[in-house]
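Every value quoted in this text rests on a predicted model; they were computed, and no experiment measured them. Proteins come first, then strands; the chains are lettered A, B, ... in the order of their sequence lines, and each starts at number 1.
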Amino acid sequence: MLRIMLQKLVSKKWMNLCLLLGSTLLIATVVSFPMYQTAAYDRMLRDEFANYLESEGRWPTMLFMTTISKKDKNGATINRMEELMGTIYDELGVTKKETISYYLLSKMETHSAMNREEIKDLPVKLGTLADLPEHARIISGEMYSEEGVDEDGNIEVVVSQTSLVKMGLLVGETIVFNDLRDVEGNEIRMTVKGVFGVEDYQDFYWQVNPDEMSDICLMNTDLFKKMFTGENAGKYTITCRYIPMFEYEDITADQVATIAATTDYLKEESAFRNTIATPAYRSILENYLEKQTRIRATLVILQVPVLIMLAAFLFMISGQMYELERNEISVIKSRGSSGAQIFRLYLYQSIFLTVLGGAAGLPLGALFSRILGSARNFLEFDSNRMLELHLTSETLVYAAAAMSATLLIMTLPAIKHSRVTIVKLKQQKALKKKSWWEKLFLDIILLGVSLYGYYSFHKTTGNLTESVLTGEALDPLLYISSSLFIVGMGLLFLRLQPLLVKLIYLAGKRFWKPASYASFMENIKNGRKQQFIMLFVIMTISLGMYHATVARTILQNATDNAEYLDGVDFVVQEVWSEVMDENGASTGVYFEPDYTKFASIEGVEGYTRVLYDTKAYIATGQKSRQDITLMGIHTKDFGEITWVPQELNGKHYYEYLNEMASVANGVLVSENFRSQLGYNLGDTITFTNPRGLVITGKIVDFFSYWPGYIPAVTEIRPDGTAATVDKYLLVTHYDNIRQKWGVTPYEVWIGLKEDADSQTVYDWIQDNNIRVRKFTDREEDLRKTVEDPLLQGTNGVLTMGFIVTILLCAVGYLIYWIMSIRSREMIFGVLRACGMHKGELFHMLMNEQIFSGAFSVLAGIGIGKLASVMFVPMIQQAYAAANQVLPMKLIINASDMFRLYGVIAAAMLICLAVLILLLFKLNVAKALKLGEE
Amino acid sequence: MSSKNVIEVKGVNRIFPVPGGEFQALTDINVEIPEGNLAILKGRSGSGKTTLMNIIGTLDKPTSGIVKIDGKEIGDMSDIARENLRRRDMGFVFQAVSLIPTMNAFQNVEFSMRLAGIKAGRERDKRVEECLKLVGLGNRMHHMPAEMSGGEQQRVAIARAIAHRPKIILADEPTAELDSAMAAQVTALFKEMSRREQITVLMTTHDVGLMDAGDMVIELESGMQVHREEE
């Protein structure tokens, strides 16, 4: 049996190679989903921790535990805590980084052994910080010794600089506790051996800041334990603090639930519940889980079309198998093989191919997800962001499912046909009239549902924003209606395509050459067989276009928006000192920091003062508003470093600036001054600052968009509903404001030259010791926007979906055509024998490709474009919702489309090459013999 | 009968390379078939019948020797010229089902006329109908091959082979898949055709019962011609 199977594999090597390729690709695709997702979640989690670390400057994964050991017997409390420190990492399932233990005796009065007046009844806390010598830097004197006592039996201690200064101690001085006694009742004396400071500020050991220690003397830890906490020690009240720190980079997404649950248990239910402060990482995990849920839901929905494509792919291959094998199976059957024998033969063959496909598919899937994890943008990869992959049980389940499906599909035709003999087969061969979906009007139904979705969302776009903001779950119909639309339109096209071909045929009925005639006949009579590959091509192209557009549009709008909101490359507002009156009250008079120094930033293109006041108010007649934002600018300098795209205002940005510049008290106001407050061009407007100082200006123009200006925000009311609130912006000359209101803290807006490195601004701030109150960096904000896990995940899945569908389509197309041609070899032999030239045969097959392939490509492009225009704006809105300020721009990226068309064209060219090869190799005599078997 | 030989085969040898040597499929074959004759090529399977048919039908080339069709030496012809010869002057009937499955009986027959370059029109349509009636399928003209029996399909194939009025019909085991009554009917059809349309028919068979129908019998054995005394 095995020998027969191998013979069969070799004799049909082309078809089997196609099958192997198909199954490999299928398995690779299926396993890459969970692989990619797990790895992406892991990275997202790491990013969350790293972001916390970056923004807060604190280690994200640690617990703070504080307890007081009140004259316990044998240090029971401390023993319990230390025991926990030994097991807590395992309980949480994390890798230990460091445990910081800090013990302090309660405050006791001391005096100097030298009886210095300054050190009389001085309160001191004696304590120990474990592992201090490894992390501290000795500023003067030395560290306490390993024994912890000097030759006189005095405890050696070190103090921080703050403690030294605040307590007025001297290095080398001996201090004696007034009342504190050791277990034997002896007086306790200590010698200040040295002053320590922080060796490395990046060292997370320093959870206790030495600068904040004002009355603390630290001694050797072992000695401290021996004297105060051990079994034979006396009874003391000790404040114990433990900080177990663990590595966050090793934490994987599937550990999150355990860590969160264990932490909650420790904090709320365990014996230690009162000792633990809520750790920072708890909210990071909470945040992560929330995001993960949202992302998982989104990604699943985005993957659905790809999975549908995969199913279609399998179905198509299976259909081809069925066509190709049914003759052969019937022949074997008629020659007396039993159904079981045939089934076994096919089963073995399928197992062989599936196992081979699985072996190749797993690493290929890993490669897929690795590459896709590095997607920064749609179809753009960053090799520095490769994902770390590991094989999880989830991946294996997916792999097993994919392999079973492959196996089933490959064996199915054999099961069906092992019962059919050649005689029955011939009876079956009559052509079917209509597909089931045509009879069911599935195309019309799908289109109906999707259009219903389209209109219901279209009518309620405002509500969509609100439901996103209020955290309401989005209707999956929003995501699915686009897929339904594409499938529905594809099917509709399939319904119409035969009519189209027939029409062309009839139009030139008299003129068609034999080759064209034969291809028309093939398409009209046998076209139904091609429906699947056609639907496949249509779906690939339209889904590809749609996905590309979704990804590009979401990302581009997010970045445009981020760029617009910051207004300029950098905004810096220094800390200003205010002149206080004799009572220490604010006077509104400030010391203005040197403004010209900004010129020294390397790569600076321009900088300008911008007064930004959100507390101005206007009053004209009965119209008054408290919440006006006032912006004072210098038109020329401002215009040089800021920009508003012309399409947003319908007018060149500089026109506004020029209009304002030409009127001494000119003001520009946002459009809502006109629409909501009833102001007109040329009106005089009076605005007042909180100190009651008034400026009068003349309105020279209205704008819809202005650098950094948000026209309206959607806010959540206390009752949970959302409401849109208008934002008013008034722009006027800075010099006017300065003249009338005096010098008040302003922002400095900085524009960098195109090729300048934004790091220079950070360096400049550090080098010049600038104290910053407000700081924005456009490049950084853009980076954060792009690296948002939801966007990244979306890009990853869409890119992957795009590549996978293209690959499947190309491979599917090839498989379809090769199989289709091989199954018709005999007919080609007949045609050649009847004297048809090779060129004519080629022409005939080309025509067939045009009828199915080219028509489908064109339909796919049309449907894809239509779907993009109709559905992408809704998806984008669901993503951006609250933060979207600029009007949505639909981005159909030409290079994506070229890539898409390129791959399809390549598949078709390969197909042509294969066609030519097959025709060239076609041995007429041999082909004819095929029929004799 | 006309004295003109439509098919002339002189000293034809055909050697196939096979693993580890050569296989001589035909050895020194000499055949002359006059116009309008029904010639029967007989022999066991493996005797070289199909090889000789393929060479005469220009589907294969002899290793040595000369083949003339209608007086023209085909060995010197280009591929295109051979193909044109096939589509204009020859009609083929194969052992296996050879109809184009996406065309009905009428269209199948019409297609060979299209290939032969016969212009569309009433003439052509009439000729298709005439041929189909000749093979007794006047009432099944618009049936698809899948809707017909093996014998019916074979008769359509014959109609297709004659429709464009070729000079020669090459039929390789046309009766192999038919029952004996049907086989006799098909052979009779060939006989009538050769009379009525002055078509030269070369037909292979191993059915001894059909030999009598032939104007001449050529017998092959292991690639060599068997010469018998004329009866």
Side-chain angles (χ1 to χ4, degrees), chain A residues 323 327 422-423 425-433 505 508-530 823-824 826-841 844 848 920 922-933, chain B residues 16 45 50-51 53-55 57-60 79-104 107-108 110-121 143-150 153 157 160-161 164 166 170 172-173 176-177:
Chain A
E323 283 298 317
N327 259 322
I422 191 91
V423 183
L425 175 64
K426 295 236 158 155
Q427 293 164 351
Q428 282 180 0
K429 268 200 169 170
L431 294 169
K432 266 206 261 167
K433 284 280 174 246
Y505 165 66
K509 197 175 176 187
R510 299 261 146 199
F511 315 106
W512 300 123
K513 294 248 162 60
S516 302
Y517 176 77
S519 46
F520 274 118
M521 282 302 134
E522 172 70 23
N523 200 277
I524 290 167
K525 289 280 162 49
N526 225 353
R528 209 161 307 284
K529 271 195 195 151
Q530 296 174 10
S823 68
R824 288 194 288 158
M826 196 193 90
I827 293 299
F828 296 155
V830 171
L831 290 173
R832 291 279 286 129
C834 291
M836 212 166 176
H837 305 308
K838 273 180 184 156
E840 285 177 300
L841 209 52
M844 178 183 119
E848 284 183 31
F920 202 73
L922 181 75
N923 184 322
V924 181
K926 218 170 156 187
L928 290 171
K929 273 217 153 144
L930 277 176
E932 292 173 19
E933 304 236 334
Chain B
F16 290 113
S45 83
T50 304
T51 309
M53 285 289 269
N54 284 343
I55 287 172
T58 76
L59 298 175
D60 195 8
D79 279 353
I80 297 280
R82 290 152 75 97
E83 282 154 13
N84 286 337
L85 178 70
R86 286 208 293 274
R87 63 206 273 173
R88 295 209 185 95
D89 296 336
M90 291 184 185
F92 287 87
V93 180
F94 304 99
Q95 171 185 349
V97 179
S98 62
L99 298 182
I100 299 163
T102 53
M103 300 182 193
N104 63 25
Q107 288 163 329
N108 259 290
E110 189 194 47
F111 190 65
S112 72
M113 299 178 73
R114 283 175 185 267
L115 275 176
I118 296 162
K119 290 268 178 303
H143 283 69
M144 298 301 286
E147 295 161 336
M148 293 188 275
S149 72
Q153 289 191 41
R160 181 177 68 181
H164 56 296
L170 296 167
D172 193 7
E173 298 276 4
E177 290 191 0

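By number of non-hydrogen pairs under 4.5 angstrom with chain A, the leading residue of B/Arg82, B/Arg87, B/Met53 is B/Arg87.
Put simply, the residue from B/Asn84, B/Leu115, B/Asp79 that forms a side chain to side chain contact (heavy atoms under 4.5 Å, CB included) with A/His837 is B/Asn84.
Closest approach of B/Pro101 to A/Ile827, counting heavy atoms only: CD-CD1, 3.6 Å. Nearest approach of A/Ala833 to B/Phe92, heavy atoms of both residues: O-CE1, 3.0 Å. Nearest heavy-atom pair across A/Pro514 and B/Phe111 is O-CE1, 3.3 Å.
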Are B/Glu110 and A/Tyr517 close enough, and set up right, to give a side chain to side chain contact (heavy atoms under 4.5 Å, CB included), and what steps lead you there? CA-CA 11 Å; B/Glu110 189 194 47; A/Tyr517 176 77; 3.3 Å; yes
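Atom-to-atom distance recorded for A/Glu522:CD and B/Thr102:OG1 is 5.0 Å, nearest 0.5 angstrom. To the nearest 0.5 Å, atoms SG (A/Cys834) and CD1 (B/Ile100) are separated by 7.0 Å.
Judged by distance alone, the side chain of B/Arg86 and the main-chain N or O of A/Met836 form no donor-acceptor pair under 3.5 Å.
For A/Arg832 and B/Glu83, the salt-bridge test passes: some basic side-chain N is under 4.0 Å from an acidic carboxylate O.
Between B/Arg160 and A/Val830, the closest side-chain pair of non-hydrogen atoms falls below 4.5 Å.
Neither the backbone nor the side chain of B/Arg88 has a heavy atom closer than 4.5 Å to any heavy atom of chain A.
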